[in-house]
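The next block holds one structure in the form of structure tokens; read it before the comments.
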Amino acid sequence: MKYRLAALLLSMTSLAGAVSPAWATKFDIDPVHSGIAFYIDHLGFSKVIGVAQEFSGAFDFDATKPEGSSLDVKVKVGSISTNNKQRDGDIQGADWFNATEFPEITFVGKEFKKTSDTTGQITGDLTIAGVTKSTALDVKFNKEGQNPWDKSHVVGFSATTKVKRSDFGMKAALGMIGDDVDLVIQVEGREHQG
């Protein structure tokens with residue numbers, strides 16, 4: 001009898017292990033090894049390049065179940081630079097980002113879809129200048145592993161998307177300055193400690 005009971009308990013323990021959910025790892029975005037850049041047409045001659053210099057965020061990720069991920073990112077509008085002081089001052093104003101009233105850009109991931117072993121799409125809420133629009137990021141999974149210098153657990157992604165600035169109320173100089181804005185994002189996440 002005791003052998004049957006032991007076998008039953010062992011069987012139940014094995015079953016519980018088989019059905020217990022995999023827990024996603026929480027990562028903090030490493031701003032030193034991550035970047036957010038944008039490109040916007042200038043009079044048809046060239047594309048002005050801008051970067052966000054201050055941003056933060058975190059995400060949950062499990063490579064075996066990416067659809068269960070989460071993502072929350074904040075960008076400080078005052079840190080956006082196009083390498084020109086006058087232009088940077090202009091885009092902080094009410095006709096553009098309206099940084100005084102809306103000092104942050106946010107993106108919150110809502111849906112995570114795997115499209116291949118190394119690609120996926122994140123659809124979420126992008127909020128700029130107080131306007132929120134559903135936006136899809138095309139994402140490439142780069143690598144997950146140990147950083148050889150500090151032994152931290154790191155995962156990396158590249159992402160792109162295109163948005164229309166007019167969708168967020170930024171209509172200044174349309175026809176001269178492009179409406180389409182290309183975003184290029186590089187992210188390294190370090191496993192959250194504590």
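Reckoned from all heavy atoms, side chains included, excluding hydrogens, waters and symmetry mates. Please read all numbers here as calculations on a predicted model, not as lab measurements.
- Under a hydrophobic-cluster definition in which Ile, Leu, Val, Met, Phe, Trp and Tyr are linked whenever side-chain heavy atoms come within less than 4.5 Å, directly or via other members, M170 and V48 are assigned to the same cluster.
- Here the side chains of F38 and V51 are not in contact, with every heavy-atom distance at 4.5 Å or above.
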Report, one line per pair, each donor and acceptor closer than 3.5 Å where one atom sits in a side chain of residues 125-132; sequence neighbours left out.
| residue | atom | partner | partner atom | Å |
| --- | --- | --- | --- | --- |
| T127 | OG1 | T132 | OG1 | 2.7 |

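- Contact of the S69 side chain with the D62 side chain is not registered, since no non-hydrogen atoms from C-beta on lie closer than 4.5 Å.
- Proximity of V77 to Q92: side-chain heavy atoms (C-beta onward) are separated by under 4.5 Å at one or more points.
- Shown here are the side chain to side chain contact (heavy atoms under 4.5 Å, CB included) partners of I49, two or more places apart in sequence or in another chain: Y39.
- If you chain together ILVMFWY residues whose side-chain heavy atoms come under 4.5 Å of each other, V32 ends up in a group of its own.
- Atom CD in E67 sits 10.5 Å away from atom CD in E111 (nearest 0.5 Å).
- Judged as a ring-ring contact (aromatic ring centres under 6.0 Å, His included), not a single pair has a partner in residues 90-113 (not counting sequence neighbours).
- Using a 4.5 Å cut-off between side-chain heavy atoms of Ile, Leu, Val, Met, Phe, Trp and Tyr, with links allowed through other members, V163 and I122 fall into the same hydrophobic cluster.
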Original post:
Between S134 and T123, does a side-chain contact (heavy atoms from CB on, under 4.5 Å) hold up when you go through it step by step?
Top reply: CA-CA 7 Å; S134 180; T123 302; 3.5 Å; yes

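- Closest approach of E191 to Q193, counting heavy atoms only: O-NE2, 3.2 Å.
- Residues passing the ring-ring contact (aromatic ring centres under 6.0 Å, His included) test with F59, sequence neighbours excluded: F27, F157.
- Neither side chain, S34 nor E188, offers a donor N or O lying under 3.5 Å from an acceptor on the other.
- The salt bridge (Lys or Arg N to Asp or Glu O under 4.0 Å) test applied to E54 returns K76, not counting sequence neighbours.
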**OP:** Go through the steps for F55 and S79 under the test side-chain contact (heavy atoms from CB on, under 4.5 Å), then give the verdict.
**Re:** CA-CA 8 Å; F55 52 88; S79 78; over 6 Å; no

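- Legend: salt bridge (Lys or Arg N to Asp or Glu O under 4.0 Å) pairs involving residues 130-152, not counting sequence neighbours, sorted by first then second residue: D150-R190.
- Considering V187, N142, I185, L137 as possible partners of S158, the one that fulfils the side-chain contact (heavy atoms from CB on, under 4.5 Å) test is N142.
- For the side-chain hydrogen bond (donor to acceptor under 3.5 Å, both in side chains) condition, the pairs that include at least one residue of residues 162-181, sequence neighbours left out, are K162-D182, K164-D180, S166-D179.
- Checked by atom type and distance alone, the side chain of T161 pairs as donor or acceptor with a backbone atom of A136 at under 3.5 Å.
- Across D60, T25, D28, a single residue satisfies side chain to side chain donor-acceptor pair (under 3.5 Å) together with H192, and that is D28.
- For residues 80-97, no pair satisfies salt bridge (Lys or Arg N to Asp or Glu O under 4.0 Å), with sequence neighbours left out.
- The cluster map of Ile, Leu, Val, Met, Phe, Trp and Tyr, joined by side-chain heavy atoms under 4.5 Å apart, puts F141 and V184 in different clusters.
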Subject >> CA sep, side-chain torsions, deciding dist, call: I91, I80, side-chain contact (heavy atoms from CB on, under 4.5 Å) >> reply: CA-CA 9 Å; I91 65 175; I80 294 173; 3.9 Å; yes

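- Grouped with L43 in one hydrophobic cluster are F45, M176, the linkage being side-chain heavy-atom contacts under 4.5 Å among Ile, Leu, Val, Met, Phe, Trp and Tyr residues.
- Annotation for T115 and G120: closest pair OG1-N, 3.3 Å, computed over non-hydrogen atoms.
- Using a 4.5 Å heavy-atom threshold, the side chains of I29 and V73 count as touching.
- Residues passing the side-chain hydrogen bond (donor to acceptor under 3.5 Å, both in side chains) test with S46, sequence neighbours excluded: none.
- Interatomic distance, I105 CD1 to I36 CD1, rounded to the nearest 0.5 Å: 8.5 Å.
- Distance check, rounded to the nearest 0.5 Å: NZ of K114 to OG1 of T119 gives 9.0 Å.
- Considering only heavy atoms from C-beta on, I177 comes within 4.5 Å of H42 through its side chain.
- Applying the side-chain hydrogen bond (donor to acceptor under 3.5 Å, both in side chains) test to Q53 and every residue at least two apart in sequence or in another chain returns nothing.
- Once rounded to the nearest 0.5 Å, the distance linking CD of Q146 with NE2 of H153 reads 9.5 Å.
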